[in-house]
Amino acid sequence: MELMESLLFFLIMISIFQQSSSSTNPGDVSALKSLSEKWKNAPPSWGKSGDPCGESGERWEGVLNCSNSRVTELKLFNMGLEGTLSSEIGSLTGLQSLDLSYNKDLEGELPSSIGMLKQLHTLRLIACKFSGIIPNELGNLQNLKILALNSNQFSGKIPASLGRLSHLQYLDLADNQLNGTLPTSATEGSGLDRLWAAQHFHFNKNQISGPIPSDLFNSSMTVMHILLDNNKLTGEIPDTIGLVNSLRILRLDNNSLNGSVPSSINSLTNLSVLNLANNNLNGAMPNLTGMDFLNYLDLSNNSFDPSEAPNWLSGLNNLTTLIIESGGLQGQVPQEIFSFPQLQEVRLNNNSFSGTLNMSTKITQALKIVNLRNNSITSVTLSSSYNDTLILIENPVCGNVQLRHTGYCQDQQPDSQFNSWNNVTCSQPYEGQIVSRAPYFGYIQNHLNNLEERIQEKLSRTGVNFLVQDVFFDKNSYLNIWLKFCNSSGKSFTRNDILNSLDLNTQDLQLPENIGPSVFYPSHYAFQKRVIRGLTIGIAVGCAIGVLIIAGLAIYAVRQRKQALTAIYLRNPFASWGSFGEDAGDAPQLKGARCFSLDELKRCTDDFSKANEIGSGGYGKVYKGVLLNDQIVAIKRSQKGSTQGGLEFKTEIELLSRVHHRNLVELVGFCYEKGELLLVYEYIPNGTLKKNLSGSSEIQLDWKRRLMIALDSARGLAYLHDHANPPIIHRDVKSTNILLDDNLIAKVADFGLSTFVLNSEEGLISIHIKGTPGYVDPEYFMTHQLTAKSDVYSFGVVMLELITARSPIEKEKYIVKEVKMAINKNDKEFYGLKDLIDPTILKTGSLDGMHRFIELTLKCLAESPEDRPMMNELVKEFEILLTKHEIRRKSTSESSFGIEFQTERGVAEHPYDEIVLSSEVSTDAGYYSGQHLLPK
Ligand SMILES: *[C@@H]1O[C@H](CO)[C@@H](O)[C@H](O)[C@H]1NC(C)=O
Ligand SMILES: *[C@@H]1O[C@H](CO)[C@@H](O)[C@H](O)[C@H]1NC(C)=O
Ligand SMILES: *[C@@H]1O[C@H](CO)[C@@H](O)[C@H](O)[C@H]1NC(C)=O
Ligand SMILES: *[C@@H]1O[C@H](CO)[C@@H](O)[C@H](O)[C@H]1NC(C)=O
Ligand SMILES: *[C@@H]1O[C@H](CO)[C@@H](O)[C@H](O)[C@H]1NC(C)=O
Ligand SMILES: *[C@@H]1O[C@H](CO)[C@@H](O)[C@H](O)[C@H]1NC(C)=O
């Protein structure tokens, strides 16, 4: 009896426990639902009835923590959310942490109800598209420690109410369109001067105007980083700045400040980074005596009185970077500086230094660049141990006949700063960049190890590998560090992977101090569509019976051994389902694909009405339909009585249910009923590449977009060749089998003619020639020897279409032949194909990379399969082309400074194609992650 009682008690306890731990406060549930009603692309779990705070399987993605059935932590960063933030957010009053960053299409105003989240200690809305003013009500969030609204489109004035956030440690409003003056309490009752706990004031890249208020600074502050660069500040630097002894970084560059620098500035004895460049500061060059911690100093491009190099320079022996360009400096270059142990970079160009440059003794090992361009130096004594960059061009000393032809008197390209020989690869990497807005150094080498260690540590035990792809300074002197992350399993990332493992917000990352104030900006990630499994019971039963029958057939088949198996296989393609490896015995256990009833498909296509017909594929017609869950699909229906259809149908389902990749059209499900074979695919709205190239759609594909399409479809095919198990040869690669989605991402379609590669060494002997005239590999045509290289050939024809927008066979002319005849290797721009290039792309935008692209196309079209590249090699090539295209674009469109390292390496001065095409140059340049892999 006692036993019974305790058992009962135990059971009751369990049920109570389950209830309290897994049922979310109904108010929170409905608030979350209201949020998602305003969003496109809310995570799939949000559409279901499950419990937001429930156990792991049921819990909604992004609800990272709950307490007492209230949602306390909501993170949906980089989920591709589109839409607005509902004012219902104000009902989630249990929230302590909210992060909706990197949803670049999350727009509209920030609702003032956000001021009701009194428990909030962290609010991150980085790099969305919020606009309008920053609501005053944020000042009510008394527990707020981290407020990051950077990289949005907020406008208007910084609200003075923020000054009430007495616990705020991190304030980042950078990279918006904020204007007006900096609010302080003297004029507005409350203001930034009261933020005594704040260590970070990041207001860079806005339109903030007016003078810097002198009461902004006081000795109660503990601020370490003040970033006010790239604004519209005027007036003098107030001498109260000297009160903020905690300062480590002060960037006031790229404003219109004037007057002389207050002498109090040298009270900032903890300062590591001081940048006052590009203002109208005048008077004497500031006296920086005693600022012994300075690592990075930039005083360039002001209007200081001409003077000799100041004495204090010789005392700053912790400098890594010294930049005083156009500083009116004259006399001797002080030789002491070259022995500062950490000094890496000296830029004193455009001054009036004269006499002898003495670099004869004790030059620090760290020194990499000395730029003295355009001075009046007449002679040089140089230690033979210094073999790094020294730029003396435009100095009288270069009149010296012996010197004139040395590197010192020529435009020099310093060694590449960054080399990555790492080779983390995967088909769907997560990528992003850390942007550091004031690193303590100006030369990259040797400074990244700590950073890599920190990230490694953060990712340990997550099974994520990463690689630093590229590092450079942009025109704002911000350090850009491009990262790439791969799942060690090779699988693509899920939402939960990203939210849990790849939250690389820089506050938690605790980067080494010398990296400076940084922000992580991940790139948009295309999640794989998860197939909704909510089946109506009828369908589920229908399929279950089907499974039983098939299983029965399979058992029967096994008993009857081979002949019988073949017979049943022909009658019922599902009989041998799962005969490949691990699936054995699992009848149509279609990973992700769903079994539909014919009725359901009839309903969603209006009984296969003519109006819904969107094309005819290899074996039948294709209809557009809308499923019960509102998903739009394309349904392929076989022609009745097509015997071939049955087999192909099975092949397709088997293949497609195994294959998931963002550049392959996804199988949503299938139907096999009443002799009907139907395949349900995701619907790809923008139609075929062919249609889009033919000019019959409104979309204009410029050259860069075409490169991206080439990359996307190559990725899809490379996945089929290298990652599908078993490998798959498409066999019908053509421009009508490449579809473009909403974002013009290319997806390869139609594996109806695909076939397994049984022996990847020797290829598969195929009996029937398949494929489409104009695209078929001549080698395959003659030998019936099918290899992945046959796809490469067909893809080469598609590449030609991207260049020319012509059909492979037009007016009885075969484009491949025409192109091969027109080729002129001496034409460094277009290979002699200028007349064949699609006039549309000649008109719009740059043709960067065209020459290399043509070269690759010709390799793909090589007669002999061995001479053709592998698909994955093409992927790498296209990635390189696009990276360069991108960087080139940056450096030409942002003309005022260009990207420093590029100009120094001469990328900007040389014709672009030379860089692209010469593998030697590009390998030397090193900062591109890839290498040219193709045999020359
Ligand atoms: C969830 O929140 C509670 C208190 O709010 C906290 O103690 C706990 O560490 C959090 N759990 C996680 C996994 O963040
Ligand atoms: C700030 O911008 C708003 C609109 O964005 C404009 O109405 C206002 O006049 C601007 N204020 C200043 C001081 O420039
Ligand atoms: C710079 O300041 C130091 C100490 O503050 C002082 O000793 C020195 O004379 C000053 N130098 C100049 C040129 O004013
Ligand atoms: C200079 O840097 C070294 C480390 O490289 C440090 O130990 C030293 O304290 C620094 N000196 C000053 C005056 O900042
Ligand atoms: C430069 O000199 C250092 C030692 O003085 C040597 O280790 C290094 O290899 C040299 N570099 C080049 C490019 O000659
Ligand atoms: C990748 O890099 C490692 C060393 O980092 C090397 O051992 C391996 O061979 C490389 N793999 C390829 C495919 O280049």
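Just so you know, ligand 1 is whichever comes first in the structure, and atom 1 is the first atom listed for that ligand.
With respect to the salt-bridge test (charged N to carboxylate O, under 4.0 angstrom), the residues Lys75 and Asp99 do not qualify.
The main-chain N or O of Gly108 is never found under 3.5 Å from a side-chain atom of Thr84 such that the two would form a donor-acceptor pair. Judged purely by atom type and a 3.5 angstrom limit, Asn231 uses its side chain to pair as donor or acceptor with the backbone of Ile208. The main-chain N or O of Gly328 is found under 3.5 Å from a side-chain atom of Asn351 such that the two form a donor-acceptor pair.
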Give one line per pair: atom of ligand 2, protein atom, distance. Only N/O to N/O under 3.5 Å.
from: ligand 2; atom 1: 2 (O); to: Asn179; atom 2: ND2; distance (Å): 2.2
from: ligand 2; atom 1: 11 (N); to: Asn179; atom 2: ND2; distance (Å): 3.0
from: ligand 2; atom 1: 14 (O); to: Asn179; atom 2: ND2; distance (Å): 3.3

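Using modelled atom types, one finds no donor on one side chain facing an acceptor on the other under 3.5 Å when comparing Gln169 with Lys145.
Between Phe154 and Phe130, the two ring planes are parallel [angle under 30°; tilted spans 30° to 60°]. Between His200 and Tyr170, the angle of the ring planes lies from 30° to 60°, which puts this pair in the tilted group.
The side chain of Asn266, and not its backbone, has at least one atom closer than 4.0 Å to an atom of ligand 3 (non-hydrogen atoms only; side chain from C-beta on).
Within the listing of ligand 3, atoms 1 (C), 2 (O), 3 (C), 8 (C), 10 (C), 11 (N), 12 (C), 14 (O) sit less than 4.0 angstrom from a heavy atom of Asn287.
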